[in-house]
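What you see is a predicted model, and the numbers here were worked out from it, not measured in a lab.
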Amino acid sequence: MRRWLVVGWMIAGVILFAGKAATQETLPADGGAEIPAPRYVALTFDDGPRPGSTEQLLEGLRDRGARATFFLIGEQAQMYPELVQMIGAEGHQVGNHTWGHVCLQDLSTANALAEVERADAVLQKILGPGDYWVRPPYGLVDQALIQQLSVPVVKWSVDPRDWESRNTQAVVDAVMETVTDGSIVLLHDIYETSVQAAFQIMDLLEPQGYRFVTVEQLLRIKGIEPQAGTAYRKAGK
């Protein structure tokens, strides 16, 4: 009888030990996988809106729950007001890329201001009163003009020169090599290659903890209060 009791104890001990070992193997040692802190990037798109490619971009942003910033040319906005309305209605930031995409440094201060103000008037008419931040074409603008503007100026920290290559993979590679938390990325929604590149960039960065926000959101997330008469290239170091 005692022999059967000993055997029973041994079997129970083996079962208990096996169950305990299995439990230890299925739980991470630290109690769970570490979740990385979110990182933020602002994707910006110049020179639109353009029928077809802009709509395609909006659909892809919507599917990914992403926000972006569109710097619109006044002439284009006036031609396609329904696209401008769609951009605004979907929660994206709308900015001013001058009336006719001219180099502001080649103009007098008065004429440069007129270029900005003419585009601003179109945006105000389509979307209503608001602050439509300015991106100077080619990133070229005198400090004297910046200081006269009633809104912030936005440049960029990542430029894949998508207008030059018109190659989706080249654009993706260039962005992935240089993007960091707080980057402002320059793209153009008038090129379908750039739209496809934007989708791939988001799909590659999202698993790394990146979130896609407007320029204004990016600055505020990083504790920067946007100021008129100031140019911003990125948020943070």
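Annotation: K222, atom NZ; neighbour count of heavy atoms from other residues, nucleotides and ligands within 6.0 Å is above 12. Heavy-atom neighbours of R64 CZ from other residues, nucleotides or ligands within 6.0 Å: above the threshold of 12.
Contact detail for F71 and V134: the closest heavy-atom pair is CE2-C, 4.1 Å. Considering all non-hydrogen atoms of both residues, I126 and A77 come closest at CD1-O, 3.5 Å. Between D159 and R161, the closest heavy-atom pair is OD1-N, 2.9 Å. Minimum interatomic distance between L218 and V41 (heavy atoms only, all atoms of both residues): CD1-N, 4.2 Å. The two residues L104 and L140 make their nearest non-hydrogen contact at CB-O, 4.0 Å. Minimum interatomic distance between V215 and Q93 (heavy atoms only, all atoms of both residues): N-OE1, 3.3 Å.
Judged purely by atom type and a 3.5 angstrom limit, R67 has no side-chain atom pairing as donor or acceptor with the backbone of T214. Judged by distance alone, with hydrogens and angles left aside, the side-chain atoms of Y191 form no donor-acceptor pair with the main-chain N or O of S53 at under 3.5 Å. In this structure, the side chain of S165 engages the main chain of N167 through a donor-acceptor pair within 3.5 Å. For E90 (side chain) and I87 (main-chain N/O), no donor-acceptor pair under 3.5 Å exists by modelled atom type. At distances below 3.5 Å, at least one donor-acceptor pair connects side-chain atoms of S157 with backbone N or O atoms of I184. No donor-acceptor pair closer than 3.5 Å links the side chain of R118 to the backbone N or O of G74.
Under the 4.5 Å side-chain contact rule for hydrophobic residues, I201 and I190 do not share a cluster. Under a hydrophobic clustering in which Ile, Leu, Val, Met, Phe, Trp and Tyr are joined whenever their side-chain heavy atoms come within less than 4.5 Å, directly or via other members, Y210 and Y40 fall into different clusters. V94 and L61 fall within a single hydrophobic cluster, where Ile, Leu, Val, Met, Phe, Trp and Tyr side chains are chained together by heavy-atom contacts under 4.5 Å. Cluster membership for V213 and L58, using ILVMFWY side-chain heavy atoms within less than 4.5 angstrom, is not shared. Linking ILVMFWY residues whenever their side-chain heavy atoms come closer than 4.5 Å, directly or via other members, leaves W163 and L72 in distinct clusters.
In this structure the side chain of Y132 reaches within 4.5 angstrom of the side chain of Q124, judged on heavy atoms. In this structure, Y232 and I224 have side chains that are in contact, with non-hydrogen atoms separated by less than 4.5 Å. For the pair F45 and V195, the minimum side-chain heavy-atom distance is 4.5 Å or more. Put simply, the side chain of Q200 does not reach to within 4.5 Å of the side chain of V171, judged on heavy atoms. Within the 4.5 Å cutoff, no side-chain heavy atoms of E216 are placed close to those of D131. Here the side chains of E225 and R220 are in contact, with some heavy-atom distance below 4.5 Å. By the 4.5 Å heavy-atom criterion applied to side chains, P49 and F70 are not counted as neighbours. For the pair K155 and V141, the minimum side-chain heavy-atom distance is below 4.5 Å.
Residues meeting the side-chain hydrogen bond (donor to acceptor under 3.5 Å, both in side chains) test with N96, sequence neighbours left out: none.
Under the 3.5 Å distance criterion, with hydrogens and angles disregarded, a donor-acceptor pair is assigned to the side chains of D189 and T54. Q169 and D173 are linked by a side-chain donor-acceptor pair at a separation below 3.5 angstrom, with hydrogens and angles left out of the test.
Going from atom CG of D203 over to atom CG of D63 covers 10.0 Å, rounded to the nearest 0.5 Å. Going from atom CZ of F199 over to atom CD of Q56 covers 5.5 Å, rounded to the nearest 0.5 Å. From E192, atom CD reaches atom CZ of R166 across 11.5 Å, with rounding to the nearest 0.5 Å. From L186, atom CG reaches atom CG of L43 across 10.5 Å, with rounding to the nearest 0.5 Å. For the atom pair NE2 of H188 and OG1 of T44, the computed distance is 8.5 Å after rounding to the nearest 0.5 Å.
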#### Entry: Trace of the side chain to side chain contact (heavy atoms under 4.5 Å, CB included) decision for R211 with E206
CA-CA 7 Å; R211 302 293 179 265; E206 194 274 336; 4.3 Å; yes
### Message
Test side chain to side chain contact (heavy atoms under 4.5 Å, CB included) on L205 and M176; report intermediate values, then the result.
### Response
CA-CA 8 Å; L205 290 178; M176 296 300 295; 3.7 Å; yes
### Task
Could you please spell out the steps behind the side chain to side chain contact (heavy atoms under 4.5 Å, CB included) verdict for R135 and T69?
CA-CA 11 Å; R135 169 167 284 167; T69 303; over 6 Å; no
### Task
Kindly indicate, with the supporting measurements, whether the criterion side chain to side chain contact (heavy atoms under 4.5 Å, CB included) is fulfilled by W99 and I73.
CA-CA 5 Å; W99 172 257; I73 295 174; over 6 Å; no
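Ring geometry for H97 against H101 counts as perpendicular: the plane angle is over 60°, on a 0 to 90° scale with 30° as the lower cut.
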For residues 144-153, please give each side-chain donor-acceptor pair under 3.5 Å, one per line with the distance, not counting sequence neighbours.
none

